[in-house]
Trainee: 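Handing you this structure, nothing more for now.
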Number of protein chains: 2
Amino acid sequence: MSNGSPTFTGSNAEQTRRHNRCVVLGQIRRAGSMGRAAMARASGLSVQAVSNIIASLEDEGMLIEAGQRSRGRGLPAPQYALNPNGGYALGFEVRPESISATLLNLMGELHHSERKTLRDNDPESVCHQLRQQMSRMLDSSGIDERLLLGAGVVMPGPFTLTGLANTASVLPHWQDIDAEKLFSNALSMPVLVENDANAAAVGEHVSGCTASLSNYAFIYFGSGVGLGVVHQGRLFRGGSGNAGELGHILVPAPCAVGQSLAGVSNRMAPLESIASRSSLLQHLKDAGLGCSTDQQLESLAAARNPELQRWLDKASAALSHAVHVVENLFDPDTVVLGGALPDPLLAELVKGISLAEHSTAQRKDRLMPRVLRGHSGDLSAARGGAALVINGLFTPQTLS
Amino acid sequence: MSNGSPTFTGSNAEQTRRHNRCVVLGQIRRAGSMGRAAMARASGLSVQAVSNIIASLEDEGMLIEAGQRSRGRGLPAPQYALNPNGGYALGFEVRPESISATLLNLMGELHHSERKTLRDNDPESVCHQLRQQMSRMLDSSGIDERLLLGAGVVMPGPFTLTGLANTASVLPHWQDIDAEKLFSNALSMPVLVENDANAAAVGEHVSGCTASLSNYAFIYFGSGVGLGVVHQGRLFRGGSGNAGELGHILVPAPCAVGQSLAGVSNRMAPLESIASRSSLLQHLKDAGLGCSTDQQLESLAAARNPELQRWLDKASAALSHAVHVVENLFDPDTVVLGGALPDPLLAELVKGISLAEHSTAQRKDRLMPRVLRGHSGDLSAARGGAALVINGLFTPQTLS
DNA sequence: CTTGTAAGTTCAACTTGATTGAGTTAATAA
DNA sequence: TTATTAACTCAATCAAGTTGAACTTACAAG
């Protein structure tokens, strides 16, 4: 959400240490466990530097010794691994009528979650609710508050440089509010605010199918459709934090059933009018099938309901077009579909996507399928919120 | 072009100094000239640190004193500015049949340029040619070779993780070659290799309409259409360096003249089949107008040739669609159109673009028009190559 | 005309954190 | 048993940023 020209900040020994801590933690996370020498090789740091950093991380409880490994000759190296419960992060998804909360540990494992309906959604009420949910989750999980490293709050955008904007339609009373500062004060810890797609994208990185990737795109099904792009391990947020409005791009609107990628059509329509949860519900409603809960959707899917199938065909065609655009513009190592849809539906959508054959994405050296299914369900955004905090531990920040 | 998971590198005092040098240089560049105290405030560094860095930069000839400025009370601060000729960068654009070369100074000013046709375009011949062009340009400009900070080479992609790939169709003999290493050895200096759109995008930042922006998208007209995205002052390159294939995205193909954004059509076609230099030449050829040089195109434009006008209408409509996609996915502060087209044509295209009204891009607080015209002409990529090097001086690198 | 204050700079001592090199330990190979 | 190798620890060194006191100049107030 920075604007104007790039104003970078100076660094010093303290920042250097922070950076190197992230590097070391990130390597341990990826490898599972490592010895000092291996980390030194991988990071380019001296063994001594790694040793000092490990000592302090062990003091703080973030690392634990995990046996010794001797590869051939030489002194067996003590291995270090993340202490899964060496720290926790809170994740919240604030919606107009409810708040979902999650609690993740360092490994990205879900320790606790709850969803509460929201009577009022003005800033003060939301803060009150967040504090309450935090307390309840700490109580029922028995986790020491001091182990909380921060919180990530997922909110509907769009954002401005200093706060939220135009949310009047979705969340009244939130215009031009610096939500990060507000929540940070309310919860007495560092807080990150993001949109649902970005959070979910990072959630997939912390625990999901993109844990080993640093370049990927995540198509998120909320009420609309969003895109979260991770580039070199960091979120692509755009000039004002509103990048990834995939639902707004125009795709060929199907006039009949199941058009292929370059198919014949006579109208363009926003992707989210064809391939989103609300478009699905609308489609079913139009067909005389009142349906709203995930369970109902799942049973329709299990029964291979023909109306559902029709929607899937149309949605897949539209998504194929969108994936094509995403592949060509972002060059991700993979495209993940996830979010607030039942898993079987996501699976069908992934299966239904037809990819262009002639594309730079059709490389020989690719490690991953071009399209994958990620976290699904209505917690994926809230979990992603917490993941933002966890991911921050492993990803050196650019000194903006 | 990194793949797999994010493997960040450790930092140390030396890296810190490199980073802070970039920060300081960047601030001086943006402000034109500054005193030490102002830089310290802007960077968060101590005055002493800034002072040390300035001393070393002045020693190296990158900075010069630029008078004193007294703002109110206190000791008048000596101002420092970039020494425009404190360093130079080479830029090359390698095409199948020719190489364009440029020489830029620290301010991004073009000191020299030349274009040579290429007899053979195998790696060895190209290296030989580059060395020759470098010598000639150094001779005729009288610049000391030691002032060369590096070179940027623009080549057609696509790229693989370690080299070029699939370029067989465009440049034979270049498969899987590590071009950066090859050129770096040939020229005895650091070399960066990029595609045309990315280079041109950075060129616009070093000297052009986006000098003051850190988030923008650059639509580049080469033979096809490319997109260069600058995010937080750095290029968005994608997982394998092939991001920004804007020309491949499908847009509604016009069946008649001048369709509007969501207009009626019955076919989708790649953007570059409608709005690129080669599509223009094809269109004119189909209309019986043999035309190839920029001059011929300019005179057609001056004469308001109706066939040209027809192409402009179709191209503008297609570009409107593309700009809509780019705005929604990348959230740039502005979209720049530039590249190898005559200036008047670019101007017409910019004028012809119709923007969606309801968009997050339609913000109140925007500093820039949503669409701008950037560098044009056949040197814009080669100049961008040199700009990659210059820009690197002002932009701290993420320790990958 | 003198004096006080503010802003910018410089000098020297200090601190942080990474690097270097010598020495120690343990496992394998000869 | 001994040599070799890998991993680690300790202590000294070094690079670079920070801190605080002193110095310089310009403006403002008395």
Side-chain angles (χ1 to χ4, degrees), chain A residues 8-25 27-28 31 33-60 63 65-81 396-397 399, chain B residues 8-25 27-28 31 33-60 63 65-81 396-397 399:
Chain A
F8 297 103
T9 313
S11 182
N12 55 25
E14 198 182 337
Q15 302 282 341
T16 300
R17 171 58 82 107
R18 213 195 313 277
H19 174 98
N20 289 344
R21 266 177 59 117
C22 286
V23 170
V24 166
L25 274 174
Q27 280 168 347
I28 294 176
S33 70
M34 275 179 118
R36 300 169 217 257
M39 289 182 230
R41 280 190 298 268
S43 64
L45 290 169
S46 63
V47 177
Q48 194 51 237
V50 170
S51 221
N52 293 336
I53 290 168
I54 287 197
S56 95
L57 286 172
E58 210 180 358
D59 270 1
E60 298 167 39
L63 288 187
E65 265 197 67
Q68 303 208 331
R69 176 172 302 176
S70 99
R71 284 182 286 282
R73 288 185 181 178
L75 195 150
Q79 302 294 107
Y80 290 87
Q397 303 306 303
L399 306 177
Chain B
F8 297 102
T9 314
S11 182
N12 55 24
E14 197 182 338
Q15 302 282 343
T16 300
R17 172 59 82 107
R18 212 194 313 278
H19 174 98
N20 289 342
R21 267 176 58 116
C22 285
V23 170
V24 165
L25 274 174
Q27 279 167 348
I28 294 176
S33 70
M34 274 179 117
R36 299 168 216 257
M39 289 182 230
R41 278 190 300 266
S43 64
L45 291 169
S46 64
V47 176
Q48 195 51 236
V50 170
S51 222
N52 293 335
I53 290 168
I54 287 195
S56 95
L57 287 172
E58 209 179 359
D59 270 1
E60 298 167 40
L63 288 187
E65 267 198 65
Q68 304 208 329
R69 178 172 299 177
S70 103
R71 286 182 286 280
R73 288 185 181 179
L75 194 150
Q79 301 295 106
Y80 291 87
Q397 303 306 304
L399 307 177

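Note on naming: letters A, B, ... go to the chains in the order of the sequence lines (proteins, then strands), and numbering restarts at 1 for each one.
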Trainee: Taking salt bridge (Lys or Arg N to Asp or Glu O under 4.0 Å) as the definition, give me every residue that meets it alongside R21(B), ordered by chain and number, with sequence neighbours left out.
Mentor: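 Scan of R21(B) (salt bridge (Lys or Arg N to Asp or Glu O under 4.0 Å), adjacent residues dropped) gives E60(B).
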
Trainee: What's the separation between atom CE in M39(B) and atom CD in Q79(B), rounded to the nearest 0.5 Å?
Mentor: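 Taking CE in M39(B) and CD in Q79(B), the distance rounds to 7.5 Å.
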
Trainee: Pairs of donor and acceptor atoms involving the side chains of residues 49-59 of chain B, under 3.5 Å and at least two apart or interchain, shall be tabulated with distances.
Mentor:
{"unit_1": "S51(B)", "atom_1": "OG", "unit_2": "R36(B)", "atom_2": "NH1", "d": "3.1"}
{"unit_1": "N52(B)", "atom_1": "ND2", "unit_2": "Q48(B)", "atom_2": "O", "d": "3.4"}
{"unit_1": "S56(B)", "atom_1": "OG", "unit_2": "I53(B)", "atom_2": "O", "d": "3.3"}

Trainee: Give the rounded distance in Å between these two atoms: CG of N12(B) and P of dT16(C).
Mentor: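 My rounded result for the distance is 18 Å.
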
Trainee: Expressed as a whole number of angstroms, how long is the span from E14(A):CD to dC14(C):P?
Mentor: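 About 21 Å, once rounded to whole Å.
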
Trainee: Reading DNA chain D in the 5' to 3' direction, which nucleotide is the first one with an atom under 4.0 Å from a heavy atom of chain A, and which is the last?
Mentor: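 Contacts span dT4(D) to dT18(D), reading 5' to 3'.
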
Trainee: Please examine the side chains of L25(B) and L63(B), heavy atoms only from C-beta on, and report whether any two atoms are closer than 4.5 Å.
Mentor: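 A side-chain contact exists here, since the closest heavy-atom pair is under 4.5 Å.
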
Trainee: Taking any heavy-atom pair under 4.0 Å as a contact, classify N52(B): base, sugar-phosphate, or nothing.
Mentor: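 The residue N52(B) makes no contact with any strand.
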
Trainee: Might you confirm whether atom CD of Q68(A) has over 12 heavy atoms from other residues, nucleotides or ligands at distances under 6.0 Å?
Mentor: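 Above 12, so yes.
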
Trainee: Indicate whether OP1 or OP2 belonging to dA18(C) is found under 4.0 Å from a side-chain N or O atom of T16(A).
Mentor: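 No, T16(A) has no side-chain N/O under 4.0 Å of OP1/OP2 on dA18(C).
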
Trainee: Going by side-chain hydrogen bond (donor to acceptor under 3.5 Å, both in side chains), name the residues that satisfy it together with S43(B), two or more places apart in sequence or in a different chain.
Mentor: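 Partners of S43(B) by the side-chain hydrogen bond (donor to acceptor under 3.5 Å, both in side chains) criterion come out as none, since no residue qualifies.
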
Trainee: Within the 4.0 Å limit for protein heavy atoms, which parts of nucleotides 3-8 of chain C are touched? Write it as a string from 5' to 3', B for base, S for sugar-phosphate only, - for none.
Mentor: --BBBB

Trainee: Name all residues meeting the salt bridge (Lys or Arg N to Asp or Glu O under 4.0 Å) criterion together with E65(B); count only those two or more places apart in sequence or in a different chain, and write none if there are none.
Mentor: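 For E65(B), no residue satisfies salt bridge (Lys or Arg N to Asp or Glu O under 4.0 Å) once neighbours in sequence are set aside.
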
Trainee: Using whole Å, report how far CD of Q15(A) lies from P of dA18(C).
Mentor: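 Going from Q15(A) (CD) to dA18(C) (P), I get 13 Å.
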
Trainee: Tell me, do T16(A) and Q15(B) make a side-chain contact under 4.5 Å, heavy atoms counted?
Mentor: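 No, their side chains stay 4.5 Å or more apart.
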
Trainee: Which comes earlier along DNA chain C counting from the 5' end, the contact point of R17(A) or that of Y80(B), where each point is its nearest nucleotide?
Mentor: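 Its nearest nucleotide lies further toward 5', so the answer is Y80(B).
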
